[in-house]
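Below is one structure, written out as structure tokens; the observations come after it.
Numbering starts at 1 and runs along the sequence shown.
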Amino acid sequence: MRIEQDLKLGFKDVLFRPKRSTLKSRSQVELTRDFTFKHSGRQWSGVPIIAANMDSVGSFEMAASLAKHGVMTAVHKHYTVADWAEFIKRSDASVLNNVMVSTGTSDADFQKTKDIMAMTDELIFICIDIANGYSEHLVEYVERVRAEFPDKVISAGNVVTGDMVEELILAGADIVKVGIGPGSVCTTRVKTGVGYPQLSAIIECADAAHGLGGRIIGDGGCACAGDVAKAFGGGADFVMLGGMLAGHEESNGEVIEKDGKMFMKFYGMSSQSAMDKHSGGVAKYRAAEGKTILLPYRGPVENTIQDIMGGVRSTCTYVGAAQLKELTKRTTFIRVQEQENNVFGKE
């Protein structure tokens, strides 16, 4: 047993230090990023925010709505091949280029991914997603998928430390997904005692990935637009959002009426709800590691994504970053013990 004494930070532990800026308006800030990915050689241009591959967030409807803003969606893995065929038929390239096809690591998952990717050349992203990215099995699976799809952009995770980021990139991942336990409906840290404060995880993993020419996704822990900006400021190339995009018309969650008000069910993908729905219940050898909650129904996602993007643009104006890619170079975080004045309640 050993203890690391240096403090690890979450989004609540810091604020941006403002810096002189030549920008007159947040409308001058460019949020679009242009990436060329290490292994696939693929080029992609868009706003590097991703709707999470949860079945009450990452729907086909969410993908269609967010693509209008150049924003991505990691579509959850519970759609059938026939569902994908129908979606591909009705979607043009601007949507499909901004979609990640999510998959687990079984032989059946591999075959399903092959079937989906064979339908169109416009699908370029594959998201290999397991809760514990430290499994040797994930590394082997990334190698297998890279061999099968040499020209596709492969994301793999989740991990929180630089050593595993490096291993996954060397195995063939273009992007590594970073985050264990920070999600709003994740209970991994409570059930297992395992985790890593998300901002420190992003800072350490970005450093490791960028040294090898890879990219990272900061996945989880964002409760407001300011947190999204902090993830980018810490070095995340992409930021994945679950709870912030849940509860919307496009989220495809179950709508429930209670006392005359509309709510939408939202749950973690390792929760009892998810496993009852997709796996026939929680297996006897494991515990559920997610909450199930009801969110007030929030209508279309349009206003929410505009608000998030507006907040990040505003961050950039405060620190003098004319483009999102400059934000991390213009970032100085200050450690704080307070974030906001809640005398009249939270926003």
Side-chain angles (χ1 to χ4, degrees), residues 2-19 31 33 35 37-38 47-50 52 131-134 155-170 173-184 186 188-189 194-242 244 308 311-312 314-316 318-321 323-339:
R2 59 186 290 266
I3 297 176
E4 291 187 17
Q5 299 285 1
D6 56 318
L7 190 65
K8 308 299 181 186
L9 303 172
F11 298 130
K12 68 176 174 30
D13 299 313
V14 302
L15 290 168
F16 284 94
R17 183 184 183 124
K19 294 181 178 173
L31 294 185
R33 293 286 318 261
F35 293 120
F37 295 101
K38 177 182 173 74
V47 178
I49 294 171
I50 310 173
N132 178 9
Y134 288 79
S155 161
N158 281 27
V159 302
V160 287
T161 53
D163 56 341
M164 205 64 208
V165 168
E166 291 168 348
E167 185 159 354
L168 289 169
I169 290 171
L170 293 172
D174 295 293
I175 311 170
V176 176
K177 197 140 77 73
V178 173
I180 292 180
S184 57
C186 180
T188 294
R189 293 177 182 178
V194 176
Y196 212 96
Q198 185 68 353
L199 181 59
S200 283
I202 286 170
I203 291 167
E204 294 176 31
C205 291
D207 184 52
H210 296 161
L212 289 174
R215 302 289 173 183
I216 69 159
I217 299 170
D219 175 20
C222 292
C224 57
D227 292 343
V228 179
K230 289 172 189 176
F232 283 128
D237 302 289
F238 297 84
V239 179
M240 183 170 271
L241 305 177
M244 287 183 72
I308 292 166
V312 176
S314 195
T315 306
C316 290
Y318 271 109
V319 300
Q323 300 176 27
L324 181 57
K325 74 172 184 180
E326 297 170 13
L327 179 56
T328 189
K329 297 183 185 73
R330 299 285 299 168
T331 292
T332 300
F333 286 128
I334 54 171
R335 290 271 313 281
V336 296
Q337 291 188 305
E338 60 175 1
Q339 280 284 321

Flag if over 12 foreign heavy atoms under 6.0 Å of OH, Tyr318: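 Counting other residues, nucleotides and ligands, OH of Tyr318 stays at 12 neighbours or fewer.
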
Ignoring hydrogens and angles, tell me if any N or O in the side chain of [X] forms a donor-acceptor pair with the backbone of [Y] under 3.5 Å.
X: Arg189; Y: Tyr196; value: yes
X: Lys230; Y: Val14; value: yes
X: Asp207; Y: Glu204; value: no
X: Thr315; Y: Gly311; value: yes
X: Lys177; Y: Ile216; value: no
X: Ser200; Y: Leu9; value: yes

Is any side-chain heavy atom of [X] less than 4.5 Å from a side-chain heavy atom of [Y]?
X: Val194; Y: Ile180; value: yes
X: Cys222; Y: Val239; value: yes
X: Asp13; Y: Lys8; value: no
X: Phe35; Y: Pro48; value: yes
X: Phe11; Y: Val228; value: no
X: Thr328; Y: Phe232; value: no
X: Arg335; Y: Leu7; value: yes
X: Val319; Y: Pro18; value: no

Write down the atom of [X], the atom of [Y], and the distance for their closest heavy-atom approach.
X: Pro182; Y: Gln198; answer: CG-OE1, 3.6 Å
X: Ala225; Y: Val312; answer: O-CG2, 4.2 Å
X: Gly218; Y: Ala236; answer: N-CB, 4.1 Å
X: Gly234; Y: Ala206; answer: O-CB, 4.3 Å
X: Val336; Y: Leu15; answer: CG1-CD1, 3.9 Å
X: Gly242; Y: Ala52; answer: CA-CB, 3.9 Å

Residues Leu212, Leu170; criterion side-chain contact (heavy atoms from CB on, under 4.5 Å); working and verdict: CA-CA 8 Å; Leu212 289 174; Leu170 293 172; 4.2 Å; yes

Proximity of Phe16 and Phe333 rings by center, below 6.0 Å: yes

So how far is it from [X] [atom1] to [Y] [atom2], rounded to the nearest 0.5 Å?
X: Met240; Y: Asp219; atom1: CE; atom2: CG; answer: 5.5 Å
X: Leu31; Y: Ile49; atom1: CG; atom2: CD1; answer: 7.0 Å
X: Gln339; Y: Lys12; atom1: CD; atom2: NZ; answer: 9.0 Å
X: Cys205; Y: Arg215; atom1: SG; atom2: CZ; answer: 15.0 Å

Trace of the side-chain contact (heavy atoms from CB on, under 4.5 Å) decision for Arg33 with Val47: CA-CA 6 Å; Arg33 293 286 318 261; Val47 178; over 6 Å; no

Salt bridge present between Lys38 and Asp174 (N-O < 4.0 angstrom):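 No, Lys38 and Asp174 are not salt-bridged.
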
Parallel, tilted or perpendicular, as decided by the 30° and 60° cut-offs, for the rings of Phe238 and Phe37: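 Phe37 and Phe238: parallel rings.
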
The single option from Val165, Asn158, Ile217 passing side-chain contact (heavy atoms from CB on, under 4.5 Å) against Val176: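 Per the side-chain contact (heavy atoms from CB on, under 4.5 Å) rule, the option paired with Val176 is Val165, out of Val165, Asn158, Ile217.
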
